[in-house]
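Here it is: the structure, laid out below.
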There are 2 protein chains.
Amino acid sequence: MAITIRDIAREAGVSTATASRALRRLHNVDPATIARVQAVADRHSYVVSPAASRLAGGRTGSVAALTPYVSRWYFATVLSGVEQVLQEAETDLLLLVAGDPGRQARTPPVRRLSQRVDGFLVISLDPDSPELGGLLELDAPKVLVGTKWPGVPSVSIDDERAARLATQHLVNLGHRRIGLIAGRPGRSPFLAERARKRGFETAVAWPAPGSSTLEYGYGDFTVDGGETAMNALLAQPHPPTAVFCMSDEMAFGAMRALRLHGLVAGRDVSLVGFDGHDLSGMLDLTTVVQPVAQIGATAAQMLLQEISDASGQKPVEVEIPTRLVVRSSSRPPA
Amino acid sequence: MAITIRDIAREAGVSTATASRALRRLHNVDPATIARVQAVADRHSYVVSPAASRLAGGRTGSVAALTPYVSRWYFATVLSGVEQVLQEAETDLLLLVAGDPGRQARTPPVRRLSQRVDGFLVISLDPDSPELGGLLELDAPKVLVGTKWPGVPSVSIDDERAARLATQHLVNLGHRRIGLIAGRPGRSPFLAERARKRGFETAVAWPAPGSSTLEYGYGDFTVDGGETAMNALLAQPHPPTAVFCMSDEMAFGAMRALRLHGLVAGRDVSLVGFDGHDLSGMLDLTTVVQPVAQIGATAAQMLLQEISDASGQKPVEVEIPTRLVVRSSSRPPA
DNA sequence: CCCCGGCACGATAGCGTTTACACGACTGAC
DNA sequence: GTCAGTCGTGTAAACGCTATCGTGCCGGGG
């Protein structure tokens, strides 16, 4: 049943070595030979055994993507960008979920995986988080997405600046009591979250320190969490007149909370989100738009590059620009 | 650098064969030996080479998931369910996108993949679609999600019945001009879409044939598409008073279209969606809720089962119940 | 006391590729 | 006409594991 390269070689009248070289389009092979071998292979719809190929020292032809979530919009969209590039390059994608702060922290089998893949795509995870169990030490090609780390290639946005500009937009509109809906209390495991908080705080303290008050809510980056957080903010003695949400999904929840209180986003309380979620337009949410799929695609390209270029280039840190899209959810205070 | 099972065996004072058996917990090994070997392996943080293991006749320890989209809510959520089960079973997930009717139809390398994985999870794809290039002929374990096929295990919902009940809900409310927003015109490549259309048509023709009129729009299962489709329906001489959308995302778009026309979903035009999208609650959309993540998890479990049970069980077709959740987007006509 | 079956383990032959290394046949330069 | 240098190809040794046999050993039934 199993047809091997030996069979192909015999039928094409060459040695297995030549067959192997021909199938991989190596340079030192007669074009005529390549054509002959390929023809035989096609006729039998033969494909090399990746296992044997890998064992004999070749590449695995696949990369792993580590992500804390699959179904949340941002991550799913990054993955779609990644997938598209990899499919183009005939490289397989191994999906591994790790780093969800809410989930039981199971150390992902990076060690085992490192045998199975040529490189790693690490999405949003702090590379030194314990759960990544020494991913950094592994000298396999890797690219970080949405995070940075000295000496490791990455593609990310300027979270601090984006958050600062978004918040400043609220300040410029005249808001003084500005709330923040972040992910989780305490030190976030996500670098981006910490950066966004810094950006927010900078903007709020500006132009005159103390001129604005700020309040925090925590929405765990989910819609429901955003709703809960907004409710908490509204329950305070002096609720904020504007709220910056660290993700669109939390902003959606906040919108719902407002509606259930008989309030309208933009009219009663201004809202700014972050991400550029598919539905942000439909809900008229002012938000920081980032080209998420493109980020994933870029990272995938860089990883492929790094894999093929064995030459140890110096790691690049790509920064993708974002833009604030103002919609009707943010307006001057009443 | 590379440490092999031979090293482990030597250090544990056993043969490579015994080491291999010990590491795999086979039955005919002294528990004491297992412990000793495992200890040595742990000390060196050794993991078997999957390539070698596979080559020598074992399993690959991974499965492939074929899906037409990654970032759309339904698919991303199915995947998250799948991933969770597979991670539990220490099985790797290979992600492959194929079957998007809008994308260039590249035949996915099922043949190549079949060398790399122990089984296939096929999400929403009609298994006989040409793009699947003989996946059905491959006698590898496989499970269909959201589709059925004779002789192949599957986990799905009763799309026809669910669509019928959803539409009937609109009829019962008193609506007579009921519109449908489907995916694409012509014969859909998705079995589920065809079934939902049948269910819709049955309900509309009931109780008295001809008592209701129906109009079609096509939204390609996207938010923007839904908006466009709704605009088209509203532009007709006698716009429908209620619309059944084949997905929540299209319903969201339809809502937006209504809003831009100064209309309100539920008051002016009733809307029913399909899926139970995370945001359907926040938008007060009446919808057919299906336990999407659970569907993925169930399918993954079945696949694992099928892989371990070499015994050719007769294929099971699991049907997961859905329920209509009525919210304020559907009300009696004005 | 012998034989047989079950048990824990050892030796070894692959599994299907890739990759040195070797080899002959040309080519052009001297 | 010899010699170094390509070029296209063949030979065979890995690659790291598992599967198939085979080998002692022990205990119990005849």
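Residue numbers begin at 1 in each chain, while the letters A, B, ... track the order of the sequences.
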Counting only side-chain N and O atoms of B/R24, is one of them less than 4.0 Å from OP1 or OP2 of D/dT18?
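Yes, within the criterion.
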On DNA chain C, compare the nucleotides closest to B/T18 and B/R6; which residue's is nearer the 5' end?
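Checking each residue's closest nucleotide, the 5'-ward one belongs to B/T18.
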Is any side-chain N or O of A/T33 closer than 4.0 Å to OP1 or OP2 of D/dG8?
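For A/T33, the contact criterion (side-chain N or O under 4.0 Å from OP1 or OP2 of D/dG8) is not met.
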Rounded to whole Å, please give me the gap between CD1 in A/I5 and C1' in C/dT18.
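Between C1' of C/dT18 and CD1 of A/I5: 9 Å.
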Please confirm whether B/R72 makes a cation-pi placement over B/Y69, using NZ or CZ under 6.0 Å from the six-membered ring centre and within 45° of the ring normal.
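Judged by the rule, B/R72 and B/Y69 form a cation-pi pair.
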Which part of the nucleic acid, if any, lies within contact of A/N28, taking any heavy atom under 4.0 Å across all strands shown: a base, the sugar-phosphate backbone alone, or nothing?
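Base contact.
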Tell me: CG of B/L55 to P of D/dA19, nearest whole Å?
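Interatomic distance, CG of B/L55 to P of D/dA19: 12 Å.
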Spacing of B/R10 atom CZ relative to C/dA11 atom P, expressed in whole Å
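Result: 13 Å.
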Would you kindly give the CZ-to-C1' distance between B/R54 and D/dA19, to the nearest whole Å?
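Going from B/R54 (CZ) to D/dA19 (C1'), I get 15 Å.
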B/R36/B/D30 ion pair, N-O < 4.0 Å
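Not counted as a salt bridge, because no side-chain N and carboxylate O are separated by less than 4.0 Å.
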With salt bridge (charged side-chain N to carboxylate O under 4.0 Å, His left out) as the test, would you mind laying out the steps for A/K142 and A/E306 before giving the verdict?
CA-CA 8 Å; A/K142 38 187 171 287; A/E306 202 180 337; over 6 Å; no
Rounded interatomic separation in angstrom, taking CG from B/D30 and P from C/dC9
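Result: 5 Å.
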Think B/S53 has a side-chain N or O under 4.0 angstrom from the OP1 or OP2 of D/dC17?
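Checking B/S53 against D/dC17: no side-chain N or O falls below 4.0 Å of OP1 or OP2.
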How close or far is atom P of C/dG16 from atom CD1 of A/I8, stated in whole angstroms?
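Interatomic distance, CD1 of A/I8 to P of C/dG16: 13 Å.
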Under 4.0 Å between a side-chain N or O of A/S15 and OP1 or OP2 of D/dG10?
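So the side-chain polar atoms of A/S15 do come within 4.0 Å of the phosphate oxygens OP1 or OP2 of D/dG10, strictly under.
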Net bend of the helix from C/dC1-D/dG30 to C/dC30-D/dG1, end axes of five pairs each, nearest 10 degrees:
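The end axes of the helix from C/dC1-D/dG30 to C/dC30-D/dG1 are about 50° apart, to the nearest 10°.
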Could you walk me through whether B/E193 and B/R184 pass salt bridge (charged side-chain N to carboxylate O under 4.0 Å, His left out), step by step?
CA-CA 9 Å; B/E193 182 174 359; B/R184 298 176 155 241; over 6 Å; no
Applying side chain to side chain contact (heavy atoms under 4.5 Å, CB included), run through A/R21 and A/N28 and close with a yes or a no.
CA-CA 8 Å; A/R21 286 187 282 244; A/N28 275 1; 5.8 Å; no
Could you go through B/T298 and B/M302, starting from their C-alpha distance and side-chain angles, then the distance that decides it, and tell me whether this counts as side chain to side chain contact (heavy atoms under 4.5 Å, CB included)?
CA-CA 6 Å; B/T298 305; B/M302 286 171 54; 4.2 Å; yes
Base, sugar-phosphate or nothing for B/R21? Non-hydrogen atoms, less than 4.0 Å.
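Here B/R21 touches the bases of the nucleic acid.
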Minimum-distance nucleotide to B/A17 side chain [options: C/dT19, D/dG16, C/dT12]:
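Per side-chain heavy atoms of B/A17, the pick is C/dT12.
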Nucleotide nearest A/V14 (side chain, heavy atoms from C-beta), chosen from C/dT17, D/dG16, D/dG10:
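Looking only at side-chain atoms, A/V14 lies closest to D/dG10.
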Specify the closest pair of heavy atoms between A/Q38 and A/L23, including all atoms of both residues, with the distance to one decimal.
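So the two residues come closest at OE1-CD2, 3.8 Å.
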Return whichever of B/A56 or B/T16 has its heavy-atom-nearest nucleotide of DNA chain C closer to the 5' end.
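Result of the comparison: B/T16.
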Testing the basics here: between B/Y74 and B/S124, what is the closest heavy-atom pair and its distance to 0.1 Å?
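What the structure gives for the nearest pair is CE2-OG, 3.7 Å.
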Starting at CG of A/L23 and ending at P of C/dT17, how long is that distance when rounded to a whole Å?
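Nearest whole value for this atom pair: 9 Å.
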Separation of C/dC9 P from B/R25 CZ (nearest whole Å):
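After rounding, the reported distance stands at 14 Å.
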